[in-house]
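Chain A is the first sequence line, chain B the second, and so forth, proteins listed ahead of strands; every chain is numbered from 1.
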Amino acid sequence: MSDSLHYPDALLRRILGSVRTIAMVGASPDWNRPSAFAMKYLQGKGYRIIPVNPQAAGREILGETCYAGLRDIPQETVGPIDMVDIFRRSDAVGPIVEDAISIGARVVWMQLGVRNDEAAARAEAAGLTVVMNRCPKIEYGRLHGELSWGGFNSGIITSKRRRLSR
Amino acid sequence: MTDDIPGDAPKRFGFETRAIHAGAPPDPATGARIMPIYHTTAYVFDDVDHAASLFDLSTFGYIYSRLTNPTVAALEERIASLEGGRGATATASGHAAQLVAFFALMAPGDAFLASRKLYGGSLTQFGRSFAKFDWHAIFVDPDDPENFARALTPNCKAIFVESLANPGGVVTDIEAVARIAGDAGIPLIVDNTLATPYLCRPFEWGADIVVHSTTKFLGGHGNSMGGAIVDSGRFDWLQNDKFPALTRPEPAYHGLRFYETFGDMALTMHTKAVGLRDLGPALSPMNAFLTLTGIETLPLRMQRHCENALAVARFLEAHPRVEWVSYAGLPSSPYHALARKYMPAGAGAVLTFGVKGGYEAGVRVVEACELLSHLANIGDTRSLILHPASTTHRQLTDAQRAAAGAGPEVVRLSVGLETVEDIIADLDQALGQADR
């Protein structure tokens, strides 16, 4: 899982602090899959998560309608998609990134274990911000002190009192 | 080696800063600057859905202090930070850390390779008690790292060594053994108790897991038992089929796969959610608090421990009643070159020496000390002295004792932080009574 990617805390804070609606590609209707854990957690933190998965299109996942592809999301009713979070194999990422660009997402986030440098370069050339091989749930938890509850190395050292997150 | 740790703190903040601050920002609820002692067994749920999420491991939070506790978590994060690891799990003792670590890796019938020059208690735990789980330790002379490659069997699940071994002053060639473990697709576990991360950081040499008895130099004051498992987060558990506990569905968590779900946090999650849950050796929050306080001065203490130990070792080496001194900080030690490589700031504070006159002389020196305390521990501010053959290593055979550097004439010292002249004077008068 190790890589040489480095994303400053300030960048991750900016992304997680500014996006509201996230399309989750590869969201699973099975409640015990990692994507369902991440979706439920992020919903609890106030994000709206739109599931995308052709196998579950039309079904409801954690209260949200699932769409077959990013282009199928009706943004006129759902509202703008700020970020696309990708739970797919690295070699399947290319077309998803093309769709993310075309629907006007600002951020492409590839999950832990997912990395596609070519697709990332295309997204960045189109003006999107890209994060790879990270999990937004884990990064949210780390930046808000919750990862530390499990004895993980958050990398955060501060003498400031942290606000309790909900 | 740690450039993938999110936040990059190991590069941004120095070791001394992290020894004081890591894991312990001001308490969000009260603003308390020192980590509070959260002496509670359990934690209220917001509602049934929140409780379910916690039990499913789908969200972060506390359920019950046998698994996690805020004061214990602060200690875990601090040790993980100092070692440059991804996460840590604290346990009730160093032995508990070893049990919980191996529990994640081993199944009945499995084997692992271990140095045969280990702390005597580990030799007994691995050789006797682990055998009751049908886990088989294969002991190897660590002085030639190739011995590990030669001893590998298909059912080996790990290699276990100490960075600096007690009582023989043995330094392991971590980098060479790590390569052998990596080629075999199994993790290298390093007991870093005697060196502490101040002197040696095994992850920088390719180790995958570090275990500690925090009872020793990390806590440092002889007041609290404790242990820790630190995961580098770098081992690929899916590279083979050897680690089903981490890669296959876990029935007790509705078929969750730890490595798939938690990635580089999988081992740390498993040691808590399965290891501590089912084996039970959780650390007390009070002990975590005392250990956290001890670690704040770890860098200063280790510097003085090493200075005092070197002065004592030199004194003993020149003493007419001393046959030999085994301390990797002395040029006479066969491990001196390895110590310079792996622990350049000092070779620790535990050393052994042989008293002329064998078993009886060794016992007399130990009993004649007035300042040094005769007890079975190491890593205290107080200087400690012990005759291993009659105490910590008495369960072993003569051959095992000799292999572990604990022969009949051997006396072990854990050099403390007293005025060094006082430590030396006490040893001098005790040695004067050796052939009484």
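When heavy atoms are compared at a cutoff of 4.5 Å, B:Arg78 does not approach chain A at all. Looking at B:Pro70, there are no atoms closer than 4.5 Å to chain A (heavy atoms on both sides), in backbone or side chain. Only the backbone of B:Thr30 comes within contact range of chain A, with heavy atoms under 4.5 Å apart. For B:Asp46, no part lies near chain A; criterion is any non-hydrogen pair under 4.5 Å. Interface residue A:Lys137: backbone and side-chain heavy atoms are both found under 4.5 Å from chain B. Contact annotation for A:Leu143: neither backbone nor side-chain heavy atoms come within less than 4.5 Å of a heavy atom of chain B. Heavy atoms of B:Thr261 lying under 4.5 Å from chain A belong to its backbone as well as its side chain.
Annotation: the span from B:Arg257 atom CZ to A:Arg33 atom CZ amounts to 6.0 Å, rounded to 0.5 Å. Distance OG/B:Ser58 to CG/A:Asn32: 8.5 Å, rounded to 0.5 Å. Interatomic distance, CG of A:Asn153 versus CG of B:Leu82, reported as 9.0 Å (0.5 Å rounding). Here B:Asp264 contributes atom CG and A:Phe152 contributes atom CZ; the two are 8.5 Å apart, rounded to the nearest 0.5 Å. Taken from NE2 in A:His144 to CZ in B:Phe60, the straight-line distance is 12.0 Å, to the nearest 0.5 Å.
For the residue pair A:Ser148 and B:Ala73, the shortest heavy atom distance occurs at O-CB, 3.4 Å. Closest heavy-atom contact between B:Asp56 and A:Phe37: O-CZ, 3.4 Å. Closest non-hydrogen pair, A:Leu147 versus B:Met265, comes out as CD1-SD, 3.7 Å. In plain terms, the two heavy atoms of A:Ser159 and B:Pro26 that are nearest each other are O-CG, 3.3 Å. Listed here is the closest heavy atom pair of A:Arg162 and B:Pro28: O-CB, 3.4 Å.
Using a cut-off of 4.0 Å between Lys/Arg side-chain N and Asp/Glu carboxylate O, A:Lys40 and B:Asp49 are scored as salt-bridged.
Note on ring orientation: taking the six-membered ring where Trp is involved, the planes of B:His254 and A:Trp31 are perpendicular (angle over 60°, cut-offs 30° and 60°).
Ranked by non-hydrogen atom pairs under 4.5 Å with chain A, the options B:His21, B:Arg33, B:Met269, B:Glu260 are led by B:Glu260. The residue among B:Glu77, B:Glu76, B:His50 with the most heavy atom pairs within less than 4.5 Å of chain A is B:Glu77.
A distance-only check finds a donor-acceptor pair linking the side chain of A:Arg161 to the backbone of B:Ala29 [under 3.5 Å].
B:Tyr64 OH: 12 or fewer foreign heavy atoms inside a 6.0 Å radius. For A:Arg88, the CZ atom sits in a loose shell: 12 or fewer heavy atoms of surrounding residues, nucleotides or ligands are nearer than 6.0 Å.
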